[in-house]
Amino acid sequence: MIRQPAVAGQFYDADPARLKAEILCYVGPSPSNEPAVAVVAPHAGYLYSGAVAGAAYARAAVPETVVVLGPNHTGLGAPAAVMDRGTWTTPLGRVAVAGDLADLLLAATDLLQRDTTAHVYEHSLEVQVPFLQVRQPALEIVPICLSHLPYPACREIGEAVAAAVRRLGRPVLLVASTDMTHYEPRHQAEAKDRLAIERVLALDPRGLFETVASRGITMCGVIPTTVTLVAALALGATEAELARYATSGDVTGDDRQVVGYAGFVIR
């Protein structure tokens, strides 16, 4: 399957030259080549969240192989859907799916399923790919699209991701795609997001999952972020850094109903 762009020209520029220039502006002139276990980055339109995503991607080396985990906004496809073969197309070119790693993931847990339907229109993974292409021209990915899952399922999938990465035997970066609180007054959104950010910085996947649920935090990518934290810990992560936090109000000037965006690097 060749997965065509679903939101080029909407969430990000469809012109290759303008798109690359915009991403380079967000990433900055001297991105780090320090290895990382994972990056957590937002997935709104680049106008709103591109600077936050760029701050996260600027602080980590991007190897050739990346697992991208995002939430399922469309409701289509399997609850834990892995695209295991094919290519993704963006204005910056084609990106192959790393079939060998996808096979290891699918063999590690029955919760992950081969499924392309969940990926066809989902923007949360797509908007990460151009950033990754700019940082790593030889990029290959494994896209995983996750619906709401209970914590034990998140733990099992996270442990499976870590086991597959270890078996693969080459560098892999995990990318969790999430926005934070949606459509609340800025002061309220920032207070709620602070609670979730604290759990990410503490490398506390269960605490993140439970805090988001108990405090009514509309963090759409809590499931992929929880899975990524579980996997990162199993892969030896010891620290997380908040690269940048912002809200849509920083762009629009309207603080009455904002969306929060946070970018992290996990090492």
Side-chain angles (χ1 to χ4, degrees), residues 1-31 33 39-74 76-77 81-99 101-102 116-145 172-179 220-221 224 243-244 246 248 251 259 261 263:
M1 172 185 171
I2 298 175
R3 197 274 189 187
Q4 300 292 339
V7 294
Q10 302 172 49
F11 280 63
Y12 59 87
D13 205 307
D15 177 83
R18 290 197 301 266
L19 175 59
K20 184 175 182 179
E22 183 179 11
I23 291 171
L24 288 171
C25 182
Y26 290 140
V27 171
S30 302
N33 285 316
V39 164
V40 180
H43 55 241
Y46 285 8
L47 173 66
Y48 302 103
S49 68
V52 175
Y57 284 117
R59 285 165 170 75
V62 176
E64 293 184 2
T65 306
V66 178
V67 178
V68 188
L69 304 98
N72 186 330
H73 291 88
T74 68
L76 300 174
V82 178
M83 183 171 168
D84 65 328
R85 292 294 186 276
T87 58
W88 280 48
T89 300
T90 80
L92 301 181
R94 288 189 175 184
V95 175
V97 173
L101 179 53
T116 58
T117 304
H119 294 277
V120 174
Y121 301 111
E122 180 53 54
H123 70 276
S124 67
L125 293 93
E126 179 181 327
V127 298
Q128 307 299 338
V129 178
F131 275 96
L132 293 165
Q133 286 175 290
V134 169
R135 294 289 280 118
Q136 174 53 259
L139 179 69
E140 60 176 7
I141 62 172
V142 178
I144 304 178
C145 190
V172 175
L173 178 69
L174 310 179
V175 171
S177 181
T178 187
D179 295 338
C220 57
R244 185 165 178 170
S248 57
V251 175
V259 179
Y261 312 114

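Being a predicted model, the structure only gives us computed values, none of them experimental.
Formation of a donor-acceptor pair under 3.5 Å by the Arg18 side chain with backbone atoms of Ala14 is not found in this model. Side-chain atoms of Ser177 never come within 3.5 Å of backbone atoms of Gly70 as a donor-acceptor pair (strictly under, hydrogens ignored). No donor-acceptor pair under 3.5 Å is formed between the side chain of Thr74 and the backbone N or O of Glu122. A donor-acceptor pair is defined here as one N or O able to donate and one able to accept, closer than 3.5 Å; such a pair exists between the side chain of Gln128 and the backbone of Pro42.
Taking the six-membered ring for Trp and the full ring otherwise, the centers of Tyr46 and Phe131 sit less than 6.0 Å from each other.
Here the closest non-hydrogen pair linking Ala61 and Leu173 is O-CD2, 4.1 Å. Across every non-hydrogen atom of Arg135 and Pro31, the tightest pair is CZ-CB, 3.6 Å. For the pair Val39 and Ala56, the tightest heavy-atom approach, listed with the atom from each and the gap, is CG1-CB, 3.9 Å. Among all heavy-atom pairs drawn from Ser248 and Tyr48, the shortest one is CB-CD2, 4.3 Å. The two atoms that bring Thr178 and Gly221 nearest to each other are OG1-N, 2.9 Å, heavy atoms only. Shown here for Val95 and Val129, the closest heavy-atom pair between the two residues is CG2-CG1, 4.0 Å.
Here Phe11 contributes atom CZ and Ser49 contributes atom OG; the two are 9.0 Å apart, rounded to the nearest 0.5 Å. Here CG of Leu101 is found 11.0 Å from CG of Asp84. Values are rounded to the nearest 0.5 Å. The distance from the NE2 atom of His43 to the CD atom of Glu126 is 12.0 Å, given to the nearest 0.5 Å. With rounding to the nearest 0.5 Å, the separation of CD1 in Ile144 from CG in Leu69 is 4.5 Å. Between the NE2 atom of His73 and the OG atom of Ser124 there is a distance of 6.0 Å, given to the nearest 0.5 Å. Note that CD of Gln133 and OG1 of Thr90 are 3.5 Å apart. Values are rounded to the nearest 0.5 Å.
For the pair Trp88 and Leu125, the minimum side-chain heavy-atom distance is below 4.5 Å. In this structure, the side chains of Ile23 and Tyr12 stay at 4.5 Å or more apart for every pair of heavy atoms. Leu132 places a side-chain heavy atom less than 4.5 Å from the side chain of Val68. Val172 is not listed as a side-chain neighbour of Pro63, based on a closest heavy-atom distance of 4.5 Å or more. Here the side chains of Glu140 and Thr65 are in contact, with some heavy-atom distance below 4.5 Å.
Qualifying side-chain contact (heavy atoms from CB on, under 4.5 Å) partners for Thr116, counting only residues two or more places apart in sequence or in other chains: Met1, Met83. For Tyr261, there are no ring-ring contact (aromatic ring centres under 6.0 Å, His included) partners, not counting sequence neighbours.
In this structure, Arg85 places its CZ atom where more than 12 heavy-atom neighbours from other residues, nucleotides or ligands lie under 6.0 Å away.
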